[in-house]
Amino acid sequence: MEDEPLKEWAARREQHRPTPGERRAIPLGEQPQQGAHTDPDAPRGIQEWDGHQWTPAGVAKDHATAADETGQDTTRHAARIPLPTYSKLPPRPEPWRPTQEWHRPDTT
């Protein structure tokens with residue numbers, strides 16, 4: 001495996017990092033972060049990226065309200081992440097074939 005040059009790695013890393021001022025919504029409570037579909041009526045905390053960490057910025061009463069608050073940031077974040085190229089998949093393997101031919105004896 002070849003090592004990636006540091007400049008290329010840093011540029012790729014910067015693409016994935018949030019921009020300062022970007023917001024995200026997380027569920028409040030003791031549960032770990034889960035998808036919005038698990039409890040859409042639960043309150044959400046709004047966090048804002050300050051360039052180094054996510055800081056609290058507010059509270060929303062449910063997922064719909066939080067999505068209205070952070071929707072544009074979510075769309076911008078999704079546009080920054082490049083999709084994988086599917087043309088680089090390995091070639092399809094050949095089907096398995098036995099090394100010796102087997103003949104069933106004639107039982108009639």
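These numbers come from a predicted model, not from an experiment.
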Q) Should we count NE2 of His52 as having more than 12 external heavy atoms under 6.0 Å? A) no

Q: Measure across Ala25 and Arg44 and return the closest heavy-atom pair with its distance rounded to 0.1 Å.
A: CB-CB, 4.4 Å

Q) Taking C-beta and beyond as the side chain, do Ile46 and Thr70 meet within less than 4.5 Å on heavy atoms? A) yes

Q) If every non-hydrogen atom of Thr55 is compared with every non-hydrogen atom of Asp50, which pair is closest and at what distance? A) CG2-OD2, 3.6 Å

**Q.** Face-on cation placement of Arg24 at Trp49 ring, 6.0 Å and 45° thresholds
**A.** no

Q: Please determine, by modelled atom types, if Thr65 and Asp68 share a side-chain donor-acceptor pair under 3.5 angstrom.
A: no

**Q.** Arg17 to Gly51 - nearest heavy-atom pair and separation
**A.** NH2-O, 3.4 Å

Q: Let me see the working for Arg23 and Gln47 under side chain to side chain contact (heavy atoms under 4.5 Å, CB included), right down to the final yes or no.
A: CA-CA 5 Å; Arg23 293 178 165 208; Gln47 294 181 332; over 6 Å; no

Q: Kindly compute the distance separating CG (Asp3) from CD (Glu8), expressed to the nearest 0.5 Å.
A: 11.5 Å

**Q.** Non-hydrogen atoms of Gly45 and Leu28 that approach each other most closely
**A.** N-CG, 3.5 Å

